[in-house]
Amino acid sequence: MRAVVLALTVALVVPEFALDKTYVYKYEALLLGGLPHEGLARAGIKVSSKVLLSAMTEHTFLMKLMDPLLHEYAGIWPKDPFVPATKLTSALAAQLQIPIKFEYANGVVGKVFAPAGVSPTVMNLHRGILNILQLNLKKTQNIYELQEAGVQGVCRTHYVINEDPKANHIIVTKSKDLSHCQEKIIKDIGLVMKKTRVKSLIETATYNYIMKPAAAGVLIAEATVEEVHQFSPLNEIHGAAMMEAKQTLAFVEIEKTPVVPIKADYLARGSLQYEFATEILQTPIQLMKLSDAPAQIIEVLKHLVANNVAMVHDDAPLKFVQLIQLLRVATLENIEAIWAQFKDKPVYRRWLLDALPAVGTPVIVKLLKEKFLAGEFTIPEFIQALVVALQMVTADLETIQLTSLALHEKIATIPALREVVMLGYGSMIAKHCVAVPTCPAELLGPIHEIAAEAISKNDIPEITLALKVLGNAGHPASLKPIMKLLPGLRTAATSLPLRIQVDAILALRNIAKKEPKLVQPVALQLVLDRALHPEVRMVACIVLFETKPSVALISSLAGALKLETNMHVASFAYSHIKSLTRITAPDMAAVAGAANVAIKLMSRKLDRLSFRFSRALQLDFYYTPLMVGAAGSAYMINDAATILPRAVVAKARAYLAGAAADVLEIGVRTEGLQEALLQSPAADESVDRITKIKRTLRALANWKALPTNQPLASAYIKLFGQEVAFVNVDKTIVTGPKPRELLKAALKALQEGIALQYAKPLLMAEVRRILPTAIGVPMELSLYTAAVAVASVNVQATITPPLPEEIETMTLEQLKKTDVQLQAEARPSIALQTFAVMGVNTALIQAAVMARGTIRTITPGKVAARADILKGNYKMEALPVEVPEHIADVSFETLAVVRNIEEPTAERIVPLVPELAVQNAQTPADYSSSEIPDQAALRSATPFHKTLCLAVPYIEIKGCIEVHSHNAAFIRDDPLFYIIGQHSARASVARAEGPAVERLELEVQVGPRAAERLLKQISLIDEETPEGKAFLLKLREILETEDKNVRVSSESSSSSSRIISSSSSSSMSSSRMTEPFRKFHKDRVTTKNFSSGSTASSFEKIQKQAMFLGNAVPPVFAVIARAVRVDHKLLGYQLAAYFDKQNARVQLVVSSIAENDNLKICADGAVLSKHKVTARVAWGPECQQYAVIAKAEAGVLGEFPAARLEVEWERLPIIVTTYAKKLSKHIPMAAFKAGFRLERVSNADKEIELTAALPSQRSLNVIARIPEMTLSRMDIPLPIAVPINPDGTLSIQIDEDILSWIQKHIKEE
């Protein structure tokens, strides 16, 4: 009976506090971040205090904290203790002990009130305590679910109420799924990435209450809260980092002394929900105490300018982020004053122009607008700054109004600038609608009006711009205005140019991602409307698949395409669906499954269409354990009337940590050229494709006859799904400065000398997610990447004879007689730092686990060059230069960091994986079932350290790489545990032991003086002379000795039996393989079998006439590469090229210039006829050790034109034959996968033969004969037609007028 009464009491009564009593509780809250394994470092904070609760009225209460104390933690968990943050507690004590008011009725917290002196951060700590008191107890249910308001927003909450009759307690358990909230309190800053179904952040909280009956209702005797935020950049089954929050509120006693409010106005401070404070402006990677923001900005700016002149400073990226952070807290007046002070100093001006756009506040957008209108920015400066600023700025109504400056008269007169501003306006609306899903359609009102006015005036450029803006915005309210421009749906659109119709369809893409059901019927109708232009239908197909259609929709499309008459549309849709079947990314899994069903409904004949038809291609790679991947899409839209594609689109997509984004997209359309070609005879459908090609080339040669106002082509670029720029290419752009004019300008600049010191900083990434925890302290997940590049360049040239004062009058003949000597020294250096942070980030304290990566490179160089055009001598020298200790330094480390604003220099940094970590920190039960505990315990945390050095011979340079690694794989054999720890690599270059090298030289001499420049006389040994015979005899003895070392393995290999496998191929294929290859002879085919020996003998005959062409003709050119040392010893190589015009023979000889070094490489080739080419490459001492002969010839295989390549070798290095034998073992499987037929036969041991025949201009037969096997494949489809006739002649010839146009154009340039 008592249990029944107790249950009824709970059902009817909620926690209440008597008016004449003060309830005293002990409160403790803990927030820790790190990996959930003992023995690793963690970082966090702890808050402890007494909590006094006193009722003022029936529904109004006071809460006061007594003896608050803050602790901070950065150490090895759980060994190291928390450290009291005494100074921080003292600084906040006055605020923390101010009583606050709150409304409380039926267990629900209402409005909260506090004096103005209580900061938002302290107010949020109070909310964390009030959040425990939030109890929505129903009168009739013990198990139920509802959406409950709390610190983190309105989230799904599950209640379970139980009773404990023995202890006279009621136990209430509620759990919150923080990933499913109606109103989630969250702040995303930086790049907006689309979430996939793979979640990398899992959040949940559990509340347990022990409640006792009391005179006024029930009393909360004890409450405990456990909240977990688990995040992993990898799949969570391989380990994850976590933020763990714990709260305890335990009843102590009841006092009679009431809590008294202070004498101040208690202002409404919102509700129980978290209030964002200054953490939005605070970067989590450093904590700065702001005393005088303008002075601090100037100090950091001067540091960056002074320390990044000749070489980048190590901390430059971090200082640049610090500059951005300071600018974020500065007022508009402060920034204007700093700009006025430094705008006339070029170096300071550049640093400010790079930093201001990255600030990302409305203040900066307003500053950029005002300064440009005041004429203080150049147009390139303003465009660059505005593009970056619009990507970084937080989108709100104020910022959107600022970006409406496109209507300003000054900007309206500059088309390129107006386009950037208009596109940015659409992007800002898109960003705002992501943050506020209920964003009003009125924001697009000005763009809708511009579009309507442009349509009424038939202003094509303005219609294009309006469509691109609407496409960036992606608001569903724009669907109706866009549909007015879609063909087939509105009669007005049929009179508009094709490019407008295409742009209108493309404008639906971002809408399709938000509201696919609205776009799918429109896109499908356009695809299936055969009255429309094929390009329109194919673009609609792209949009349709971006809506991620269902299996029913894709199957409907596949069925309709069975009767499609336009092969371009059919090929495009089929290739698109087929490529989707291979997609493995998780966000496209449903579409891939639907495509696999739909592809079975389509004709397989479409798979054999060549690449001259329009096609879509999608490739991706996704690695589930690491949750990383990349995808690429390419769309090529061709036209049956011309050979040029109408449009080409390429897109790259990235997957990282469970998120996906369209990183980059580039599109090119050739509408102007297409229109010109359609008006030319090339568009005649009755002619064959070869004639079309000839006519197209002729039409392109006359492109200058096109109207000036007609664009030849257009291109656009998208970043993260937003179009940031587009350009129309017309004759003005194509007919820019001529190359000769550019060369003259370059020579003039070189003669005057170039001295440049340039620094370029860049905030490459800033992605932040800030969300509150149960204790009222924000946690943050963020990624920062900043880089600074510095280059010091000095170039000086001496030109003989000097250039005329009026360089424009210089002729080509004068230029040819010019001797240019150039000396240049450059010292480029780059520093990059990246930070991934998870932890607490406030203006008062930071406690987080951090991954920090750094890259620093310095690559100095000094060269001298000379070009004597008249003498044909070109020379380049690499000169010694001072090199730093390390030319490249890469490091990655994971840390636990804690710091507070009262003790900024006393920050504590602890490596996440200690050097002397306990090897058995994890119990055997924690290991996976596949892991043996004893083996796991053997793994050690001992750091890996190794240094590898390699000395480059002759030039006496030594390069070393030093690697250090220390990870947590001893705990668990998973990717995340291999990543965390400390890893570094350093590369250094130094002089090795031996004589110093003064310089490295590369010299090219063209013409009759080539022989004079050779440093060592080139000669080849004559085998017929006594000296030659003696040399060959000695070489043969050496080679025979080498053969004995490998004879055993060779004999065992050759004794293996050969198996000739039977094949089930058709008799037609077998006959083709056995048909002889016949050569062409005097424009006809020789009927008898062609003997390869005849080619060899004719080539040998030519060689016997002159084994070494250098004895008969001088070299055509010579190349000398050498190292000049202080001991004057010749080291290096020289190449001489000889040409025998009578026999169409070329000979190249590479020889060492070192004394007593007879190593040579000889390449000898000849064109025996217009159908035969033969070459022999030999190397070794006097080119006698190894040799390979290659023969290429055209002929007929059966009745089809064919070509054959034969490679024979006399002798090869052992390492080559060894790896060739290993590779041959994989040939059968590779051949099977490639569709080749394999037959085991006894082919020549030292010969490879490849024959290719053309049964038609669109198919290929291939036969390959290698030792021990023959491979063949018939009727391989070709993507393009090969214009070769059966007699081996080309079926296309370039017209003489086209050749003359090319020659004329070259001469003009």
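- Ring geometry, Phe17 versus Tyr23: the interplanar angle exceeds 60°, so the pair is classed perpendicular (tilted spans 30 to 60°).
- Between Phe61 and Phe102, the ring planes are parallel. Angles under 30° get that label, and only those over 60° would be called perpendicular.
- Side-chain atoms of Gln846 and Asn841 include a donor-acceptor pair closer than 3.5 Å.
- With hydrogens and angles left out, the side-chain atoms of Tyr159 and Glu148 include a donor and acceptor closer than 3.5 Å.
- To the nearest 0.5 Å, the span separating NZ on Lys64 from NZ on Lys50 amounts to 12.0 Å.
- We find that Glu28 and Lys26 are not joined by a salt bridge, their nearest charged nitrogen and carboxylate oxygen being 4.0 Å or further apart.
- Side-chain contact annotation: Asn131 with Tyr207, donor-acceptor N/O pair under 3.5 Å present.
- Under a cut-off of 6.0 angstrom, the local environment of CD in Glu58 is sparse, with at most 12 non-hydrogen atoms contributed by other residues, nucleotides or ligands.
- A donor and an acceptor atom, one from each side chain of Ser119 and Gln95, are located under 3.5 Å apart.
- Once rounded to the nearest 0.5 Å, the distance linking CZ of Phe231 with CE of Met838 reads 7.5 Å.
- Ring centers of Tyr784 and Phe835: at least 6.0 Å apart, outside the cut-off.
- Atoms OG1 and NZ, on Thr60 and Lys101 in that order, are 8.0 Å from each other to the nearest 0.5 Å.
- Between Asp188 atom CG and Ile186 atom CD1 the span is 5.0 Å, to the nearest 0.5 Å.
- Note: Tyr274 and Phe276 meet the aromatic proximity criterion, with ring centroids under 6.0 Å apart.
- Thr121 and Asn124 share no donor-acceptor pair across their side chains, judged by distance under 3.5 Å alone.
- A donor-acceptor contact closer than 3.5 angstrom is absent between the side chains of Gln147 and Glu183.
- Between the side chain of Arg899 and the backbone N or O of Ile909 there is no donor-acceptor pair closer than 3.5 Å.
- A donor-acceptor contact closer than 3.5 angstrom links the side chains of Thr283 and Gln325.
- Glu203 and His229 form a side-chain donor-acceptor contact under 3.5 Å, judged by distance and modelled atom types alone.
- When the shell of 6.0 Å around CD of Glu299 is examined, it contains 12 or fewer heavy atoms from other residues, nucleotides or ligands.
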